[in-house]
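Since the structure is predicted, the reported quantities are computational estimates derived from the model, not experimental observations.
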Amino acid sequence: MENNTLQTEVSATETKVQQSEVGVEEPQNENNTADQVEDDQANSGASPEEEKTEKVKVQPQKDYRPAYTDEEKRHLQEVTDVCKTEISEAPVRYGAIPFGNNVVISLKKFVKSGGILASPKVNRVHTPSDMKATGESLLSHGSQHILLVISAKVAVIAGIDYERFANDSDKDKPFPENALILVLLDGNGRINFLMNLPIEEWPEIYAVFPSSDAAGYYNITRAFDVINTKVTVWKSQDMVLKRLLAEGTKAHPGWDMINSLVKKGYMYQAACELATLKTDRVKKDEIVNGDANDTFIHYESASKIFEALKVAIGEGKDKTLKTKAFPMLVSSLWGKLSAKFGDDKATEYFVQFIDGLAENKVKAIIEAKTKKGKPSRDEQRKQILEQEFYTFVGAHSLKI
């Protein structure tokens, strides 16, 4: 009897295992309600409508390797072979220090030991003022940027012709035979500036060889192109970040407000208008050299009004506050009150106005859409806000 019972239990267990292996599911507890099933699906990340057998589509990984012709590959392989040899011999030839698959070279040490620095013949011209500003910054603050060099052998095989720097005291002399020459791909303006100084006055300045591309080739001409063209010039909004970094905890909170709003998707000008209650962006020179107390003279008022606007209008997908037109009008209308009543009273009135906007007017502002033959979405929003403002002014007998 006991053996029969044991066999029955084993058979039942084997049946469950077999069902699991072939994907047969056990029936759900009949007491489970539809709500419980839906809750279980929600907890597991599925929706009631999704099929359990749905497969996740895997996006193919992007191939970042540059496409080369066979002829280009043959040439690049020649360049690569020479470049690898030069890098491997750089510690002996150029006093370099190995660094992964690359080397770091002290250009000051290289020149002091008799090496020559050269510039590509085909290179952009640095204006005297640009070169002076960069060079003096280098002397004041040190070299904070690794430069890029290749040896003369690599330059020759890559087809890059080179010459002495314009400020080189030996610029009219030919290169000595068998001279050790490094050609600058990046940092030509800085080195040309330093050529005016005795080598003892040079700061420590370092360089590396270029890196290979995703296909494994040292494409020197392409590297020269990339470092000079794939560069994003700092905009005014980036200068705000620079000032925050420079001043740290002493920075005016207005700079942090602008930076925070830009990070949240606000246009730079809109962020400036909301933080300053002025009708334009903060220009680059004002960010770099201006007195923050002048820039943010209305900051306390701006903060209070922005908080009221966030509650009334919100920061949703409609982007009412995030584009420049609406905040510009806010600044302009508040300015009319300020000119008459001063900042504090004007802000009190304006917050009261924003808080009192009717729901249907707020809805009309948020849902405004541009249609053919009709005013733009921004114009519609401005018209509604301006009409409501003057209605408020009239109702409170505020003469402006």
Side-chain angles (χ1 to χ4, degrees), residues 232-339 343-344 346-351 353-355 357 362 365-370 376-386 388-389:
T232 301
V233 178
W234 277 40
K235 303 175 183 177
S236 295
Q237 64 196 57
D238 301 315
M239 290 298 178
V240 171
L241 180 59
K242 178 177 179 292
R243 181 148 182 171
L244 280 168
L245 289 171
E247 297 184 351
T249 56
K250 296 181 179 179
H252 193 286
W255 298 123
D256 186 57
M257 180 177 175
I258 291 175
N259 186 55
S260 297
L261 292 180
V262 169
K263 289 172 66 175
K264 289 171 66 175
Y266 283 71
M267 290 179 61
Y268 174 66
Q269 182 165 331
C272 290
E273 291 162 351
L274 290 167
T276 65
L277 282 178
K278 298 176 184 178
T279 56
D280 200 357
R281 68 184 60 211
V282 183
K283 302 294 194 301
K284 187 179 294 186
D285 184 63
E286 187 176 356
I287 300 170
V288 176
N289 302 311
D291 186 337
N293 292 321
D294 292 336
T295 301
F296 299 106
I297 190 171
H298 307 304
Y299 178 72
E300 295 301 323
S301 295
S303 299
K304 293 175 183 177
I305 290 172
F306 177 59
E307 290 303 316
L309 287 169
K310 281 201 299 183
V311 173
I313 307 295
E315 298 177 289
K317 294 181 180 179
D318 57 279
K319 296 185 178 181
T320 304
L321 298 180
K322 296 181 179 180
T323 52
K324 65 182 181 180
F326 195 85
M328 184 187 296
L329 181 60
V330 167
S331 296
S332 177
L333 296 177
W334 174 85
K336 294 179 185 296
L337 290 172
S338 177
D343 281 18
D344 293 343
T347 302
E348 181 183 330
Y349 283 136
F350 204 85
V351 169
F353 158 60
I354 295 297
D355 289 345
L357 282 172
V362 172
I365 289 172
I366 292 174
E367 297 180 356
K369 289 181 173 57
T370 300
S376 69
R377 178 180 59 183
D378 284 338
E379 284 302 317
Q380 293 176 53
R381 288 171 171 169
K382 288 165 59 180
Q383 287 174 10
I384 296 169
L385 185 69
E386 195 163 25
E388 292 304 300
F389 175 77

Query raised in the report: Any side-chain heavy-atom pair from Phe296 and Met257 closer than 4.5 angstrom?
Result: no

Report summary line: Heavy atoms of Val240 and Trp255 approach each other most closely as CG1-O, 3.5 Å

Requested in this report: Would you confirm whether Ser260, through its side chain, and Asp256, through its main-chain N or O, come within 3.5 Å as a donor-acceptor pair?
Outcome: yes

Query raised in the report: Taking atom CD1 of Ile354 and atom OG1 of Thr347, what is their separation to the nearest 0.5 Å?
Result: 11.5 Å

Requested in this report: Verify whether one side chain among Ser376 and Asp378 offers a donor that lies under 3.5 Å from an acceptor in the other.
Outcome: no

Report task. Calculate, to the nearest 0.5 Å, the distance between atoms CZ and CD belonging to Arg281 and Gln237 respectively. Result -> 8.5 Å

Report task. Quick one: do Tyr268 and Lys235 satisfy side-chain contact (heavy atoms from CB on, under 4.5 Å)? Show the steps, please. Result -> CA-CA 10 Å; Tyr268 174 66; Lys235 303 175 183 177; over 6 Å; no

Report summary line: On a heavy-atom basis, the closest approach of Ser236 and Val282 is CB-O, 4.1 Å

**Report entry** Minimal non-hydrogen separation, Met239 against Val288, with atom names
**Finding:** SD-CG2, 4.3 Å

Requested in this report: For His298 and Asp343, run side-chain contact (heavy atoms from CB on, under 4.5 Å): C-alpha distance rounded to whole Å, both residues' side-chain angles, the deciding distance at 0.1 Å, then the answer.
Outcome: CA-CA 7 Å; His298 307 304; Asp343 281 18; 2.7 Å; yes

Query raised in the report: Using the ring of each side chain (for Trp, its six-membered ring), is Phe350 parallel, tilted or perpendicular to Phe389, with breaks at 30° and 60°?
Result: tilted

**Report entry** Salt-bridge contact Glu307-Lys304 (side-chain N to carboxylate O under 4.0 Å)
**Finding:** no

Report task. Please assess Lys263 against Asn259 for the test side-chain contact (heavy atoms from CB on, under 4.5 Å), listing each intermediate value before the final yes or no. Result -> CA-CA 6 Å; Lys263 289 172 66 175; Asn259 186 55; 3.8 Å; yes

Query raised in the report: With side chains defined as the heavy atoms from C-beta onward, is the minimum distance between Glu388 and Leu357 less than 4.5 Å?
Result: yes

Query raised in the report: Taking atom CD1 of Ile258 and atom NE2 of His252, what is their separation to the nearest 0.5 Å?
Result: 10.0 Å

Requested in this report: Determine whether Phe306 and Leu261 make a side-chain contact, defined as any pair of heavy atoms from C-beta on separated by less than 4.5 Å.
Outcome: yes

Report task. Nearest 0.5 Å please: distance from the NZ atom of Lys382 over to the CZ atom of Arg377. Result -> 13.0 Å

Query raised in the report: Yes or no on side-chain contact (heavy atoms from CB on, under 4.5 Å) for Leu274 and Leu309, after CA distance, side-chain angles and deciding distance?
Result: CA-CA 10 Å; Leu274 290 167; Leu309 287 169; 4.0 Å; yes

**Report entry** Residue Lys250 excluded, over 12 heavy atoms near NZ under 6.0 Å
**Finding:** no

Report task. Please check if any side-chain donor atom of Glu379 sits under 3.5 Å from a side-chain acceptor atom of Gln383, or the reverse. Result -> no

Query raised in the report: Should the heavy atoms of other residues, nucleotides or ligands under 6.0 Å from NZ of Lys324 be counted, would the total exceed 12?
Result: no

Query raised in the report: Are more than 12 heavy atoms from other residues, nucleotides or ligands located less than 6.0 Å from atom NZ of Lys310?
Result: yes

Query raised in the report: Considering residues, nucleotides and ligands other than Asp344, do more than 12 of their heavy atoms fall under 6.0 Å from its CG?
Result: no

Report task. Mark yes or no for whether Ser332, through its side chain, and Met328, through its backbone, hold a donor-acceptor pair below 3.5 Å. Result -> no

**Report entry** From CG (Asp318) to OG1 (Thr323), nearest 0.5 Å
**Finding:** 9.0 Å

Report task. Identify the two heavy atoms, one from Ala312 and one from Val362, that lie closest to each other, and give their separation to 0.1 Å. Result -> O-CG1, 3.3 Å

Requested in this report: Indicate the atoms forming the closest heavy-atom contact of Ala275 with Tyr299, along with that distance.
Outcome: O-CD1, 3.7 Å

Query raised in the report: Heavy atoms, side chains only, cut-off 4.5 Å: are Tyr266 and Glu315 in contact?
Result: yes

Requested in this report: Return the minimal non-hydrogen interatomic distance between Leu321 and Ala270, and the atom names on each side.
Outcome: O-CB, 3.8 Å

Query raised in the report: Under 6.0 Å from the NZ atom of Lys336, do we count more than 12 heavy atoms belonging to anything else shown?
Result: no

Report task. Could you tell me the separation between the OG atom of Ser331 and the CZ atom of Phe326, rounded to the nearest 0.5 Å? Result -> 11.0 Å

Query raised in the report: Are the side chain of Lys319 and the backbone N or O of Gly265 linked by a donor-acceptor pair below 3.5 Å?
Result: no

